[in-house]
Amino acid sequence: MKNEASVTAGLRQFPIRPIYLVSAQYEGKKNIITVGMFAVFSGKPSLVGVGLAPSRYSFDLIRKSKEYVVNVVDDRLMDAVRVCGEKSGRDTEKFEATKLTPVTGVKVKAPLIEESPVSIECRVVKEVEVGDHVWFIGEVLAAHLREDYDWSDGLLLKWQGEEGFYYKAGKRVGQY
Ligand SMILES: Cc1cc2nc3c(=O)[nH]c(=O)nc-3n(C[C@H](O)[C@H](O)[C@H](O)COP(=O)(O)O)c2cc1C
């Protein structure tokens, strides 16, 4: 039997979800934001989306440049995830603060994060306003993978009560 709970408590019991660093650039200003709201929307064409609140500095950069890069993170990037999820690019230069390295991609001007094991370059094809976030739907134009990447190092977030904890994935329990 299930007991009725608050909406927040219910959503926080959903399985752990991945966290990403999204990088963007407009008129020479680079920034990185920590994002949990990421989804795949289409296979062909390859469309993904990131949900950003309009108050984020990154929101303006992505809206104006119509580009972003989604960077997968592992536990070595946990400190950067904290900085990029707490500080705003309005008053912190986050590539300097995190000592991460911006790298030029092949399709968009938004920088890739060198230390990230997987980065995808996206061009915004649609904006969808949903409640208090805007989803920037982007076509994936290029993907970059580090050879030795182990997907099970990917960082996941799980809420337990009022506290959030980071986990790593990686226990195989069946075949698709
Ligand atoms: C784990 C985690 C997940 C987050 N997910 C999102 C998200 O999906 N969308 C969003 O707009 N903000 C999200 N945030 C908040 C932003 O990362 C935070 O407000 C950041 O400081 C905004 O940076 P900016 O102003 O430089 O863009 C998240 C923060 C954390 C710590």
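Worth saying up front: this structure is predicted, and the values here are computed from it rather than measured. Order of listing sets the numbers, starting from 1, for every ligand and every atom in it.
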Student: Would you sort out whether V134 and F59 count as a side-chain contact (heavy atoms from CB on, under 4.5 Å), showing the intermediate values?
Tutor: CA-CA 9 Å; V134 172; F59 182 92; 3.6 Å; yes

Student: Counting from 1, what ligand 1 atoms have a heavy atom of M37 closer than 4.0 Å?
Tutor: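 It comes down to these atoms of ligand 1: 8 (O).
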
Student: Which one of G51, A53, S88, A24 has a non-hydrogen atom at the shortest distance from atom 25 (O) of ligand 1?
Tutor: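 It is S88 whose heavy atom sits nearest to atom 25 (O) of ligand 1.
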
Student: For ligand 1, does S55 get within less than 4.0 Å through its side chain, its backbone, both, or neither, judged by non-hydrogen atoms?
Tutor: neither

Student: Is the CD atom of Q160 crowded by more than 12 outside heavy atoms at less than 6.0 Å?
Tutor: yes

Student: Under 4.0 Å from a heavy atom of L52: which atoms of ligand 1 are those, numbered in the order shown and with their elements?
Tutor: 11 (O)

Student: Between G36 and I19, what is the shortest heavy-atom contact and its length?
Tutor: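 That closest heavy-atom pairing would be CA-CD1, 4.0 Å.
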
Student: E115 and T101: side-chain donor and acceptor closer than 3.5 Å?
Tutor: yes

Student: Of all the atoms in ligand 1, which lie at a distance below 4.0 Å from a heavy atom belonging to N31?
Tutor: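 Close to N31: 24 (P), 26 (O), 27 (O).
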
Student: Whether the side chain of K94 engages the backbone of K87 through a donor-acceptor N/O pair (distance < 3.5 Å, no angle test) should be reported.
Tutor: yes

Student: Given L100 and L77, is the side-chain contact (heavy atoms from CB on, under 4.5 Å) satisfied, shown in steps?
Tutor: CA-CA 9 Å; L100 293 177; L77 293 171; 3.7 Å; yes

Student: Locate the shortest heavy-atom distance separating S23 from N71; write the atom from each residue and the value.
Tutor: OG-ND2, 3.0 Å

Student: Nearest protein heavy-atom contact for atom 27 (O) of ligand 1: which residue, which atom, what distance?
Tutor: S58 OG, 2.6 Å

Student: Where is the nearest protein heavy atom to atom 14 (N) of ligand 1: which residue, which atom, and how far?
Tutor: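 Heavy-atom neighbour on the protein nearest atom 14 (N) of ligand 1: T34 O, 3.4 Å.
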
Student: Over 60° means perpendicular and under 30° means parallel, so tell me whether F41 and W135 are parallel, tilted or perpendicular.
Tutor: perpendicular

Student: Look at atom 3 (C) of ligand 1 and say which protein heavy atom is nearest, naming residue and atom and giving the distance to 0.1 Å.
Tutor: G36 N, 3.8 Å

Student: Just by distance, do the side chain of S46 and the backbone of V140 share a donor-acceptor pair under 3.5 Å?
Tutor: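 Pair absent, no side-chain N/O of S46 close to backbone of V140.
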
Student: Determine whether the side chain, the backbone, both or neither of V50 has a heavy atom under 4.0 Å from any heavy atom of ligand 1.
Tutor: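 Near ligand 1, V50 shows nothing, with every heavy atom at 4.0 Å or more.
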
Student: Side chain, backbone, both or neither: which applies to T92 and ligand 1 if a contact is any heavy-atom pair less than 4.0 Å apart?
Tutor: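 Contact part for T92 vs ligand 1: neither.
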
Student: Tell me which protein heavy atom sits closest to atom 10 (C) of ligand 1, plus the residue, atom name and distance to 0.1 Å.
Tutor: R56 NE, 3.4 Å

Student: Between E86 and ligand 1, find which residue part has any heavy-atom pair under 4.0 Å and reply side chain, backbone, both or neither.
Tutor: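 For E86, only backbone atoms sit under 4.0 Å from ligand 1.
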
Student: Before giving the answer on side-chain contact (heavy atoms from CB on, under 4.5 Å), spell out for V108 and L141 the whole-Å C-alpha distance, their side-chain angles and the decisive distance to 0.1 Å.
Tutor: CA-CA 8 Å; V108 303; L141 301 179; 4.3 Å; yes

Student: Please write down residue, atom name and distance for the protein heavy atom closest to atom 26 (O) of ligand 1.
Tutor: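 Going by distance alone, atom 26 (O) of ligand 1 is nearest to G89 N, 2.6 Å.
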
Student: Should you measure from each heavy atom of K87, which atoms of ligand 1 turn up under 4.0 Å away?
Tutor: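 Reading through ligand 1 atom by atom, the close ones are 20 (C), 21 (O), 23 (O), 26 (O).
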
Student: Atom 20 (C) of ligand 1: which protein heavy atom is closest, and how many Å away?
Tutor: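 Nearest protein contact, heavy atoms only, for atom 20 (C) of ligand 1 is C84 O, 3.4 Å.
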
Student: Donor-acceptor pair, T34 side chain versus V81 backbone, under 3.5 Å?
Tutor: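 Yes, T34 side chain to V81 backbone: donor-acceptor pair under 3.5 Å.
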
Student: With heavy-atom distances below 4.0 Å as the criterion, list the atoms of ligand 1 near I19.
Tutor: 1 (C)

Student: Is K109 atom NZ crowded by more than 12 heavy atoms from other residues, nucleotides or ligands, each under 6.0 Å away?
Tutor: no

Student: At less than 4.0 angstrom from any non-hydrogen atom of Y57, what atoms of ligand 1 do you find?
Tutor: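 That gives atoms 24 (P), 25 (O), 26 (O), 27 (O) of ligand 1.
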
Student: To check your reading of the model: name the closest protein heavy atom to atom 18 (C) of ligand 1, its residue, and the distance in Å.
Tutor: G85 O, 3.3 Å

Student: Do the side chains of R63 and E127 get close enough for a salt bridge, i.e. N-O under 4.0 angstrom?
Tutor: yes

Student: Measure Y166 to ligand 1 on non-hydrogen atoms and call it side chain, backbone, both or neither using the 4.0 Å cut-off.
Tutor: side chain

Student: Which of the numbered atoms in ligand 1 are below 4.0 angstrom from a heavy atom of V35?
Tutor: 5 (N), 6 (C), 7 (C), 8 (O)

Student: Taking only heavy atoms of K94 into account, list the atoms of ligand 1 that are under 4.0 Å away from them.
Tutor: 23 (O), 24 (P), 26 (O)

